[in-house]
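Since the structure is predicted, the reported quantities are computational estimates derived from the model, not experimental observations.
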Amino acid sequence: MDRPRHATDDALLEYVQRQTFRYFWDFGHPVSGLARDRGTVDGTGNDVVAIGGSAFGLMVMIVAAERGFVARADAVARIGLILDFLERADRFHGVFPHFMDGATGRVVPFSPKDDGGDLVETAFLAQALLCIRQYFIGDGEAGLRAAADRLWRAIDWNWYTRGGGDVLYWHWSPNHDWGMNFLIRGWNECLIAYVLAAASPDHAIAPEVYHRGWTDSPTFRNGRTYYDIELPLGPDRGGPLFFTHYSFLGLDPRGLRDRYADYWVQNLAHVRINRAHCIANPKGYKGYGPDCWGLTASDTVGGYSAHDPNNDRGVISPTAAVSSLPYTPAESMAALRHFYDDLGDRLWSQFGFIDGFSETADWYANTALAIDQGPIIVMIENHRSGLLWRLFMAAPEVRTGLRRLGFESAHLT
């Protein structure tokens, strides 16, 4: 498709945000308005919607209203449709499933036993609900605020400690009970679940669940050095870059600290290591370099994979570098320019960047995924204005939760 050229970085960022927004607005499910889990770049999709991807889409709609991509009243109407649908959809102790049917609100099993509540996907949604409540403060927007608040307050975080244990569990199903037996332990994308679980007005966990459960993992603390960069937390070489995005769409990492880490230092190190690996390019993949980097979960040659330096398949995911713009503005902007200006004939679509590509395999995805498109818009906005960080961190419950867990932040002063 034709691509306009942009002389300034800010003009290009605005265009990328506006174009990528079409995934959530034009391609949103026609009944519920929720974000389809995935679609082809020609606009083909099905009824499966993703709660995490829809959460990111709701945050995107705030950006769209703020930037004038759509009229504020239209954003209120679309978000109202979505929240009304969610109030009638399947929930399990207030927790939504990973996937649901966008026409009916019924569970679409993610796997044979994963047919109930998914606490992490719901945490991403709660992050969005609080931003909605903080942003839409007009006189005619009280219904939207009330719906967001009801959904947020109904999440029974404490239930997902499995009877008062010292860790959160990812899944519960009325058919399989705790059969998934997947404990939420770090370091990964799930910090937001513990912050919000501690912040809940009605169903809060004890701080010990965070300190004993979240941190009780062999991949929580790191402290090793890669490419002369020390990594405080996480698996070897950092893992996929969505660790630095999903929890931090609303949770502001700037100056955010607790007894375990400074989270700006953590995320910056993770991004720099990921980029340094692509520059070193130990497997000799075509195209990798200072302006072509970024390993994270995305479609890949023959399927889907969580790419990282230890699982490098030669696939670059544009969301990885572009959504890292707040951490590495110059390096991420150079990558964005390369993806758009130099490779755009293959990478650009009606929904923004395609999900992934491999120059070695001459493979270019024909898909866009909600969980990858959403962070592009939100993190560009956090880089440009800090909007979502400001909204989320202004929620009184968030401040309470962070204090209960022992965090420090300029937002808490």
Side-chain angles (χ1 to χ4, degrees), residues 16-17 20-25 27-29 32-41 45-63 82 86 96-100 102 108 110-111 114 118-129 131 170-171 184 188-193 239-251 274 294-300 303-308 311 315-325 349 351-357 365-382 388:
V16 170
Q17 286 182 297
T20 310
F21 170 62
R22 295 184 61 188
Y23 182 89
F24 299 96
W25 194 257
F27 191 58
H29 193 279
S32 63
L34 290 162
R36 302 176 202 252
D37 173 54
R38 61 170 54 239
T40 59
V41 294
N46 57 29
D47 283 327
V48 177
V49 297
I51 289 300
S54 294
F56 302 161
L58 287 166
M59 299 178 84
V60 161
M61 291 178 196
I62 295 173
V63 175
I82 291 170
L86 288 174
F96 290 94
H98 189 112
F99 287 153
M100 67 170 60
V108 174
F110 187 72
S111 66
D114 188 358
D118 184 311
L119 193 65
V120 174
E121 299 295 300
T122 300
F124 300 146
L125 178 63
Q127 186 175 214
L129 293 172
C131 289
W170 202 304
H171 314 91
I184 304 176
N188 49 46
E189 75 274 28
C190 304
L191 175 63
I192 193 68
L241 275 182
F242 68 81
F243 291 3
T244 71
H245 304 148
Y246 293 176
S247 278
F248 299 98
L249 298 181
L251 187 62
N274 195 287
L295 307 179
T296 196
S298 73
D299 281 347
T300 192
Y304 179 88
S305 186
H307 308 103
D308 67 46
N311 179 39
V315 171
I316 297 294
S317 312
T319 187
V322 178
S323 299
S324 297
L325 196 66
S349 80
F351 300 137
F353 290 115
I354 64 171
D355 203 51
F357 67 97
N366 70 340
T367 51
L369 274 63
I371 57 170
D372 290 337
Q373 302 304 89
I376 288 174
I377 302 169
V378 173
M379 291 303 263
I380 286 177
E381 190 59 37
N382 281 332
L388 283 309

For this session: I would like to know whether Leu369 and Tyr304 meet side chain to side chain contact (heavy atoms under 4.5 Å, CB included); could you show each step before the answer?
Result: CA-CA 11 Å; Leu369 274 63; Tyr304 179 88; 3.6 Å; yes

Contact summary for [X] and [Y], nearest pair of heavy atoms:
X: Ser32; Y: Val49; result: OG-CG1, 4.5 Å
X: Phe248; Y: Met379; result: O-SD, 3.7 Å
X: Ile82; Y: Gly33; result: CD1-O, 3.3 Å
X: Gly53; Y: Ala370; result: CA-CB, 3.7 Å
X: Gln127; Y: Gly250; result: OE1-N, 2.8 Å
X: Val48; Y: Asn46; result: N-OD1, 3.0 Å

Minimum side-chain heavy-atom gap [X]-[Y] below 4.5 Å:
X: Ile354; Y: Asn366; value: no
X: Leu58; Y: Ile62; value: no
X: Val16; Y: Ile376; value: yes
X: Phe353; Y: Thr20; value: no
X: Phe242; Y: Pro375; value: no
X: Phe96; Y: Asp118; value: no
X: His307; Y: Ser298; value: yes
X: Leu34; Y: Leu86; value: yes

For this session: With sequence neighbours left out, write down each residue that passes salt bridge (Lys or Arg N to Asp or Glu O under 4.0 Å) with Arg38, or none if nothing qualifies.
Result: Asp299

Problem set entry | Pairing residues for Asp47 by the salt bridge (Lys or Arg N to Asp or Glu O under 4.0 Å) criterion, not counting sequence neighbours |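 Listed in chain order: nothing, the list is empty.
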
Can you tell me how far apart [atom1] ([X]) and [atom2] ([Y]) are? Round to the nearest 0.5 Å.
X: Ile192; Y: Ser247; atom1: CD1; atom2: OG; value: 5.5 Å
X: Cys131; Y: Leu249; atom1: SG; atom2: CG; value: 8.5 Å
X: Leu388; Y: Met59; atom1: CG; atom2: CE; value: 4.0 Å
X: Thr40; Y: Asp355; atom1: OG1; atom2: CG; value: 12.5 Å
X: Ile377; Y: Thr319; atom1: CD1; atom2: OG1; value: 10.0 Å
X: Glu189; Y: Tyr246; atom1: CD; atom2: OH; value: 7.5 Å

Exercise. Could you go step by step and tell me if Asn382 and Leu325 meet the side chain to side chain contact (heavy atoms under 4.5 Å, CB included) rule?
Worked result: CA-CA 9 Å; Asn382 281 332; Leu325 196 66; over 6 Å; no

Exercise. Checking side chain to side chain contact (heavy atoms under 4.5 Å, CB included) for the pair His171/Leu119: CA distance, chi angles, key distance, verdict?
Worked result: CA-CA 6 Å; His171 314 91; Leu119 193 65; over 6 Å; no

Short question: side chain of [X], backbone of [Y] - any donor-acceptor pair under 3.5 Å?
X: Glu121; Y: Gly52; answer: yes
X: Gln373; Y: Phe351; answer: yes
X: Ser349; Y: Val41; answer: no

Problem set entry | Plane angle bin for Phe124 and Phe56 - parallel if under 30°, tilted between 30 and 60°, otherwise perpendicular |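 The rings of Phe56 and Phe124 sit tilted, inter-plane angle from 30° to 60°.
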
Exercise. Who passes side chain to side chain contact (heavy atoms under 4.5 Å, CB included) against Ala320, sequence neighbours left out?
Worked result: Leu241, Thr296

For this session: Please report the C-alpha distance between Asn311 and Ser305 in whole Å, then the side-chain angles of each, then the deciding distance to 0.1 Å, and finally whether the side chain to side chain donor-acceptor pair (under 3.5 Å) criterion is met.
Result: CA-CA 8 Å; Asn311 179 39; Ser305 186; 2.8 Å; yes

For this session: Flag this pair as yes if the NZ/CZ of Arg36 is under 6.0 angstrom from the six-membered ring centre of Phe27 and inside a 45 degree cone about the axis; otherwise no.
Result: yes

